[in-house]
Amino acid sequence: MQVKDQFDFVRQHIRKNRLRVFMTVLAATMGTAFLIILASVGFGIQDTLRKEILDNRLVTQIEVYAQDLNAEKAENMKKIGHVNAVVLRQSVTAWQKMELDGFTGHSTLSVSDFEEEAKAGFALDEGRLPEDAHEVVVGHDFAISLIDEEAAQEKTDDATAEDPELPTYKEPLLGKTFTYELGDYMKDQSFGKPVELTIVGIAKAPAKDFIQDNRVYADAALIPELETIYQDGVSEENSDPLFGQNLNVYADELEHVKSITQTLKDDGYDVYSISEELDQIDVFFLALKAGLIFVGTIAILISSIGIFNTMTMAVTERTREIGVMKALGAKPKLIQRLFLLESAWIGLIGTVIAVILSYGVSLLANYILPLIVGAALGEEEFSELNVTFSIIPWQLVLIASAISLSVAMVSGWRPARKATQIDVIDALRQEL
């Protein structure tokens, strides 16, 4: 019997039992769709978390922690292979005061090497990076931190005012010069003469709206002047260092982050990189997705009972037909192949329909669920968040299809085997 004849044979018998086959295909479809949709939730949540992490931080950034970080150690780190930049930021820990056109603020000043900052991708909304000691870049929210204290006090004293808005600085910042002072918070006094700093750039806004950046970023050339002011004004009882240090290493490519991280660990540094966090997330979700696929596979196994029953009934109903085929010289392998083709056809059609149905449910879930959850929580902005509830990658489709087709073939194997063992004489004696 030719291949075409074998497929015609299968198609004819399926047509004779359309309702039964339809219900069996429906069961296979539901089982496979359940597996895909269930596992897609794991892929969706993982993708959302990865995007959340990657949106907030540079993927090539490696944070280095140590008690005695300094410029010399930063220079040594630049010699590590595939290191693009090493940024040593030193933030002033003493009391600080900024004043601009009568508005005052108490932001933190950080000094850094802007040549390295540029390599690391320090982004500006407008302006340029500092070129000398008295030029600075301010954070995107620096103006909000500058307040007219007298006007603020008047609004606070006004008993009729309901939730008074603080009078913050509204004018353009670029090109403005403000005074910067170091001092003693407890004694409410400044050390020495204020330093005049000119704003030449405004940093790009943070990735998330809830994060505010009101820092002042100055060049490392300002360090000697600040240290002199601090040392001349601080008392002997207060010997705390002026600067707190923060060091970040930036790899040239994401694939080199792990090797640089390991090198720094071998040198005795405590380090943290986004690649380690992503690895931990990937391991967790690998276990979660495996568990979800296992649960979904149980649904397919349940649907396999329907395939087994359908094929068993098909063999019983065709006993005489099988006897005729054997009498005409059909080999057991051919008979077995015909019934395996029928069970495979049921599994294949069920799988195709399940894949199409799963993609439809996934798209619908990603559109409707944010609206439902947002309404339930009473948060209108929730629907605007970039949350993905379901993702169906091609790997998941392949895994689900392989499981579905394998289960269908296994379910049909026993009835197909039974068909080959039918006695020819007994089969021919059976009444039509």
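Listed by chain and number, the residues in a side-chain contact (heavy atoms from CB on, under 4.5 Å) with Glu181 are Lys97, Ser190, Pro194 (sequence neighbours excluded). Residues that satisfy the side-chain hydrogen bond (donor to acceptor under 3.5 Å, both in side chains) test with Tyr367, not counting sequence neighbours, are absent from this structure. Under the side-chain contact (heavy atoms from CB on, under 4.5 Å) criterion, Lys265 pairs with Thr261, Gln262, Val271, Glu276, sequence neighbours left out. In this view, His256 and His82 satisfy the ring-ring contact (aromatic ring centres under 6.0 Å, His included) rule, not counting sequence neighbours. Taking Glu131 as the reference, Arg128, Glu135 meet the side-chain contact (heavy atoms from CB on, under 4.5 Å) condition, with sequence neighbours excluded. Ser303 meets the side-chain contact (heavy atoms from CB on, under 4.5 Å) test with Ala27, Ile300; sequence neighbours excluded.
Thr310 and Thr24 share a donor-acceptor pair across their side chains, judged by distance under 3.5 Å alone.
For the pairing with Val216, the side chain to side chain contact (heavy atoms under 4.5 Å, CB included) check across Leu109, Val111, Val92 returns one residue only, Leu109. Residue Val136 is tested with Phe142, Phe178, Tyr217, Tyr180 for a side chain to side chain contact (heavy atoms under 4.5 Å, CB included); the sole match is Phe178.
Side chain of Glu63 to main chain of Asn248: no donor-acceptor pair is present (N/O by atom type, distance under 3.5 Å, no hydrogens or angles). Using modelled atom types, one side-chain atom of Asn366 and one backbone atom of Ser390 make a donor-acceptor pair closer than 3.5 Å. Judged by distance alone, the side chain of Gln90 and the main-chain N or O of Leu88 form no donor-acceptor pair under 3.5 Å. With hydrogens and angles disregarded, no donor-acceptor distance shorter than 3.5 Å links the side chain of Ser145 to the backbone of Asn214.
Annotation for Asp141 and Gln212: closest pair OD2-CA, 3.1 Å, computed over non-hydrogen atoms. Contact detail for Gly296 and Leu38: the closest heavy-atom pair is N-CD2, 4.1 Å.
Cation-pi geometry between Lys119 and Tyr250 is not met: the NZ or CZ atom fails to fall both under 6.0 Å from the ring centre and inside 45° of the normal.
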